[in-house]
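To start, the structure itself, in structure tokens.
Throughout, protein chains are lettered first and strands after them, A, B, ... in sequence-line order, and every chain is numbered starting at 1.
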Amino acid sequence: MPKGCEKFPTVVPPLSFAVRSAFTPALFFCLDSPKSTMRLSRYFLPILRETPKEAEIVSHRLMLRAGMMRQEAAGIYAFLPLGFRVLQKICRIVREEQDRSGALELLMPTIQSAELWRESGRYEAYGKEMLRISDRHEREMLYGPTNEEMITEIFRAYVRSYKDLPLNLYHIQWKFRDEVRPRFGLMRGREFLMKDAYSFDVDQAGARNSYNKMFVAYLRTFARLGLKSIPMRAESGPIGGDMSHEFIILASTGESEVYCHKDYLDFAVPSADIDFDDPALLQATVDKWTSLYAATSEKHDPASFAKLPPDKQVSARGIEVGHIFYFGTKYSEPMKALVATGDGKEVPVHMGSYGIGPSRLVAAIIEASHDDAGIVWPEAVAPFKVALLNLKQGDAATDGACEQLYRDLTKKGVEVLYNDLDERPGAKFAAADLIGVPYQVLIGPRGLAEGKVEVKRRADGSREMMSPVAASDLLAR
RNA sequence: CGGGGUAUAGCGCAGUCUGGUAGCGCGUCUGCUUUGGGAGCAGAAGGUCGCAGGUUCGAAUCCUGCUGCCCCGACCA
């Protein structure tokens with residue numbers, strides 16, 4: 001697998017590398033992990049045995065203990081190498097599904113000009129949640145809490161005709177919202193990473209189709225992240241508009257109450273080859289996923305809910321991981337983003353915006369998938385696929401078997417974290433369980449006496465003794 | 001933004017009431033023994049006690065002001 005993050009080689013890169021590099025949008029969100037395998041002795045993984053007292057919810061506790069992140073200020077976090085790997089994997093999946101749906105990635109800045117926000121009227125309206133700053137010339141700037149104004153400005157600078165529509169532009173960029181009370185670690189930080197997409201259509205019917213594309217893309221995205229998500233009708237919130245869904249995942253520690261029909265949990269997610277150019281199919285898919293009762297507490301209607309068969313009523317807690325809006329001409333009108341229609345008129349463009357918080361997802365996935373021993377990563381977002389545990393460091397036979405399997409898996413492109421520290425087995429088991437990678441390979445004298453190693457699945461704790469070759473084959477699948 | 005806490009070594013804490021020059025556990029470092037579920041022994045390092053004033057012969061401890069962080073509520077991708 002090409003490594004998007006590697007330094008440029010001094011020789012002419014092979015074609016595949018050059019092509020891949022051309023599609024790498026920004027170095028700091030590059031598509032591939034910097035190095036697929038790692039010796040723990042050379043890694044930076046500051047595992048804590050005790051929980052820092054500021055951490056209240058489970059994802060926050062586990063992320064601190066697993067050395068994934070560090071708090072730098074209230075609601076502001078640094079991602080350490082292990083946490084950053086997970087964040088990158090989430091971003092990659094989000095990006096792939098956005099691209100699949102036809103959205104185009106760009107990258108807008110974090111700092112914006114106040115002028116832009118005065119055009120939409122939101123500079124005053126947004127309130128204290130917006131971080132306002134001024135530069136050396138006393139020009140008023142702000143750290144973007146969202147990007148409707150800027151994307152509208154970009155759009156109107158270039159697009160004049162309905163023939164250039166539909167268009168959907170997105171980026172993955174840090175946002176800052178000066179929450180009154182940041183809490184729950186990454187779940188409600190002030191600085192957070194957001195994928196925000198913006199659609200442009202000539203009329204409402206077109207906008208509906210663009211909305212449906214994102215709806216389907218979101219269903220696929222969350223499923224690939226190992227989550228069960230349920231779209232729920234939502235208030236449109238401060239951004240405005242009248243068509244809006246929140247995507248909620250169920251987790252007992254979630255912050256909002258949700259109510260839905262049980263059948264949602266078994267709905268099949270659209271497959272990867274769904275035709276995004278088939279509006280009828282998209283509409284049918286959205287219709288299906290909005291046919292049954294599902295609502296957050298704000299939109300909850302107890303009377304309707306009570307009409308569901310009792311065994312189909314799910315009342316649970318959930319975490320909002322995505323939110324999609326149609327808001328019509330709310331920004332295009334005041335900002336004069338106009339396009340010519342087929343009959344020669346000029347109309348303000350119809351827009352929607354679509355958000356996913358990858359940094360929140362890191363925490364949300366942990367909330368949805370952990371046990372008493374630590375995190376249980378879904379394979380798609382796990383920082384590594386395999387933890388290789390040397391149970392008797394310094395023992396020639398054990399070291400040899402570990403080194404050989406490590407080299408073998410590395411060659412096969414399997415992401416391995418090799419615990420080669422001079423620690424006792426118990427400490428290595430605890431650390432491996434805590435960081436939650438899907439597979440553990442335990443290599444020690446006891447198994448090697450019979451030519452075997454042990455493969456343990458983190459998710460269910462099941463174990464199996466097998467030859468190193470069989471383990472290698474299994475893990476490379 | 002209202003209410004309530006808290007700040008002492010990398011992490012978790014005691015010491016503050018009753019002022020006398022800072023301690024415990026874990027972690028870290030060195031050595032030896034150990035090695036299949038967070039090992040044992042011996043030794044060592046590490047703290048302007050959040051910051052600034054004040055009271056006092058003397059302040060982690062008492063007084064005043066400030067700041068950071070956390071929790072509950074209202075608000076939010």
State which residues pass salt bridge (Lys or Arg N to Asp or Glu O under 4.0 Å) with [X]; sequence neighbours excluded, sorted by chain then number.
X: Glu450(A); result: none
X: Glu423(A); result: none
X: Glu54(A); result: none

- Tell whether Arg446(A) reaches the base of G37(B) with its side chain through a donor-acceptor pair below 3.5 angstrom.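 Side chain to base: no pair present.
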
- So does Arg463(A) reach the base of G37(B) with its side chain, donor to acceptor, closer than 3.5 Å?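 Per atom types, the contact qualifies.
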
What donor-acceptor contacts under 3.5 angstrom involve side-chain atoms of residues 438-445 of chain A, with partners at least two apart or in another chain?
{"unit_1": "Tyr439(A)", "atom_1": "OH", "unit_2": "Arg457(A)", "atom_2": "NH1", "d": "3.3"}
{"unit_1": "Gln440(A)", "atom_1": "NE2", "unit_2": "Asp433(A)", "atom_2": "OD1", "d": "2.7"}

- Item | Under the side-chain contact (heavy atoms from CB on, under 4.5 Å) test, residues paired with Glu257(A) that sit two or more places apart |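 Testing Glu257(A) for side-chain contact (heavy atoms from CB on, under 4.5 Å), a comparison that skips the adjacent residues, returns Tyr259(A), Ser297(A), Arg317(A).
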
Sequence neighbours excluded, which residues qualify as ring-ring contact (aromatic ring centres under 6.0 Å, His included) partners of [X]?
X: Tyr293(A); answer: His300(A), Phe305(A)
X: Tyr218(A); answer: Phe222(A), Phe247(A)
X: Trp377(A); answer: none

- Task: Could you give the distance separating A22(B) and A9(B) at their P atoms, to the nearest angstrom?
- Result: 15 Å

- Message: Please name the nucleotide paired to G73(B) by Watson-Crick or G-U wobble geometry with both distances under 3.5 Å, or report none.
- Response: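 Pairing partner: C1(B).
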
- Complement of G27(B), any strand, by Watson-Crick or G-U distances under 3.5 angstrom: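 Its partner: none found.
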
- Message: Please report whether the ring centroid of Trp289(A) lies less than 6.0 Å from that of Phe215(A).
- Response: no

For nucleotides 27-32 of chain B, give me every protein contact, N/O to N/O, under 3.5 Å, one pair per line with atom names.
{"unit_1": "G27(B)", "atom_1": "OP1", "unit_2": "Arg49(A)", "atom_2": "NH1", "d": "3.2"}

- Would Phe192(A) count as stacked on A77(B) if the rule is ring centres under 5.5 Å and plane angle under 30°? yes

Can you pull every protein N or O that's under 3.5 Å from an N or O on nucleotides 3-5 of chain B?
none

Atom pairs under 3.5 Å: protein N/O with N/O of nucleotides 68-70 of chain B:
{"unit_1": "C69(B)", "atom_1": "OP1", "unit_2": "Ala74(A)", "atom_2": "N", "d": "2.8"}
{"unit_1": "C69(B)", "atom_1": "O3'", "unit_2": "Gln71(A)", "atom_2": "NE2", "d": "3.3"}
{"unit_1": "C70(B)", "atom_1": "OP1", "unit_2": "Gln71(A)", "atom_2": "NE2", "d": "2.9"}

With a 3.5 Å cut-off and sequence neighbours excluded, list the donor-acceptor pairs that the side chains of residues 60-67 of chain A form with protein atoms.
{"unit_1": "Arg61(A)", "atom_1": "NH1", "unit_2": "Glu56(A)", "atom_2": "O", "d": "2.9"}
{"unit_1": "Arg65(A)", "atom_1": "NE", "unit_2": "Leu48(A)", "atom_2": "O", "d": "3.0"}

